[in-house]
There are 2 protein chains.
Amino acid sequence: MAKVAKTLKEKTDVAQVSDATLYSFVGYHMKRSFNVVQADLARTLRPFKLRMTTYTALLLIVENPGMRQVQLANAMDVERPNLVVIIDELESRELITRDQVPNDRRAYALKATLAGRRLCDKAVKAVKMHENKLFSDWDEETKETVIRALGLIHRRKGEV
Amino acid sequence: MAKVAKTLKEKTDVAQVSDATLYSFVGYHMKRSFNVVQADLARTLRPFKLRMTTYTALLLIVENPGMRQVQLANAMDVERPNLVVIIDELESRELITRDQVPNDRRAYALKATLAGRRLCDKAVKAVKMHENKLFSDWDEETKETVIRALGLIHRRKGEV
DNA sequence: CATCATTATTATAGCACATAACATTTTTCA
DNA sequence: TGAAAAATGTTATGTGCTATAATAATGATG
């Protein structure tokens, strides 16, 4: 990829780009690496016609049958309006249902259909393979350290 | 969509949401924590009227005077079309200039103005404070491990 | 009962990112 | 040398994730 052999063009061109300052920031490492993960996850989910958010929502609904949208929004840490289109999509594909809650006519109880559970199972397996591939050169200690460290960050949401 | 309500309330509501499976994925930790970082970075850069991408571009141009847009695109790992609007914005604010390259009339040599360098300095200081605050409870070893681990991921781009 | 809070929704916008198609210019090489 | 290929920047367009404001319907509270 590295194209060498430049003619002499100084002052108005740069032989090698320095990005040392940028990479002194932890956040930049997070951004660049997450981009790679997110792109590969999108490829992984494409055969299932799921996106990152619809996959996340489906998985949570499968594991928490009867949950309400506000609970799902909290679990995913997104605003409720964004969830509506996600739920709409999953419902229109008949992967989940919006059932009425007996004592609260405002809320819906979200449940996965059989097709939803089956698709979720397959998607989870694919995502596990994607993670195994992507993080294969992390040893167990590294993985634990990273997860613990990242957990410290996303648990501070709101306090910063 | 509205189906018959279940008699048992447990079936249509969830006391506590389980997200154990989700958090068994490294990628989900990355996503959640990066969201927190990105949101705080945006707040940090707002007084300078910079966004994440314009800040990144400005910093790289300041540190690599004379670089071309294609070099900047490679350094930032974004496609060239996305860079045009970023460069336009920085140029219209007179933080950078697009100078002609003598031997190549296709390319522009990007350089920061004095105002651009000054704004960049201030922004970098603010971002350093933002990082110090956000990652204050990581010890040095954790930080090194995380940076090294994330580096392993974003250097695999294209090979996965 | 009046007021306030909650739930879901609609409408709208911002931001980061991608691809396709193109004009201009430079490089390559037959 | 001249035609084909590659490089550079640009325009147009679309997708995906996220946020805020405003609203209707319902439930909770005092």
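Keep in mind that the numbers below use all heavy atoms, side chains included, and drop hydrogens, waters and symmetry copies. We name chains A, B, ... by the order of the sequence lines, and we start the count at 1 in each one.
- Listed here is the closest heavy atom pair of A/L60 and B/S18: CD2-O, 3.7 Å.
- The side chain of A/R105 contributes no N or O atom lying less than 4.0 Å from OP1 or OP2 of C/dT7.
- Between B/K31 and D/dG16 there is no side-chain polar atom (N or O) within less than 4.0 angstrom of OP1 or OP2.
- Between A/R118 and A/D121 there is no salt bridge, since no side-chain N of the basic residue sits under 4.0 Å from a carboxylate O of the acidic one.
- A distance-only check finds no donor-acceptor pair linking the side chain of B/Q69 to the backbone of B/R80 [under 3.5 Å].
- Checking the phosphate oxygens (OP1, OP2) of C/dC17, a side-chain nitrogen or oxygen of A/N35 falls inside 4.0 Å.
- Taking atom CD1 of A/I86 as the reference point, atom C1' of D/dT15 lies 14 Å away to the nearest angstrom.
- Note on B/Q71: every side-chain N or O is 4.0 Å or more away from OP1 and OP2 of D/dT8.
- At a threshold of 4.5 Å between side-chain heavy atoms, the hydrophobic network of Ile, Leu, Val, Met, Phe, Trp and Tyr places A/M67 and A/V84 in two separate groups.
- For the pair B/C120 and B/V124, the minimum side-chain heavy-atom distance is below 4.5 Å.
- The aromatic rings of B/Y23 and B/Y28 sit perpendicular, their planes meeting at an angle over 60°, well past the 30° parallel limit.
- Here A/Q69 reaches the OP1 or OP2 of C/dT9: one of its side-chain N or O atoms lies under 4.0 Å away.
- Atom CG of A/L72 is separated from atom C1' of C/dT9 by 15 Å (rounded to the nearest Å).
- The distance between atom CG of A/L45 and atom P of D/dG16, rounded to the nearest whole Å, is 12 Å.
- In this structure, OH of B/Y108 is placed 14 Å from P of D/dT8, rounded to the nearest angstrom.
- Atom CD in B/Q38 sits about 14 Å away from atom C1' in D/dG16, given to the nearest Å.
- The nearest whole Å value for the distance from the CZ atom in B/R43 to the C1' atom in C/dG14 is 16 Å.
- Between the CD atom of B/Q100 and the C1' atom of C/dT24 there is a distance of 13 Å, rounded to whole Å.
- B/L119 places a side-chain heavy atom less than 4.5 Å from the side chain of B/R93.
- Ranked by how close their nearest DNA chain D nucleotide is to the 5' end, A/R51 and A/D104 are led by A/R51.
- For the OP1/OP2 pair of C/dT9 and a distance below 4.0 Å, the side-chain nitrogens and oxygens of A/R98 include at least one atom meeting the criterion.
- Atom pair B/R106:CZ and C/dT25:P shows a separation of 10 Å (rounding to whole Å applied).
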Restricting both atoms to N or O, compile the protein contacts to nucleotides 19-23 of chain D shorter than 3.5 Å, with distance only.
residue, atom, partner, partner atom, Å
D/dA19, N7, A/N82, OD1, 2.8
D/dA19, N7, A/N82, ND2, 3.0
D/dA19, N6, A/N82, OD1, 3.2

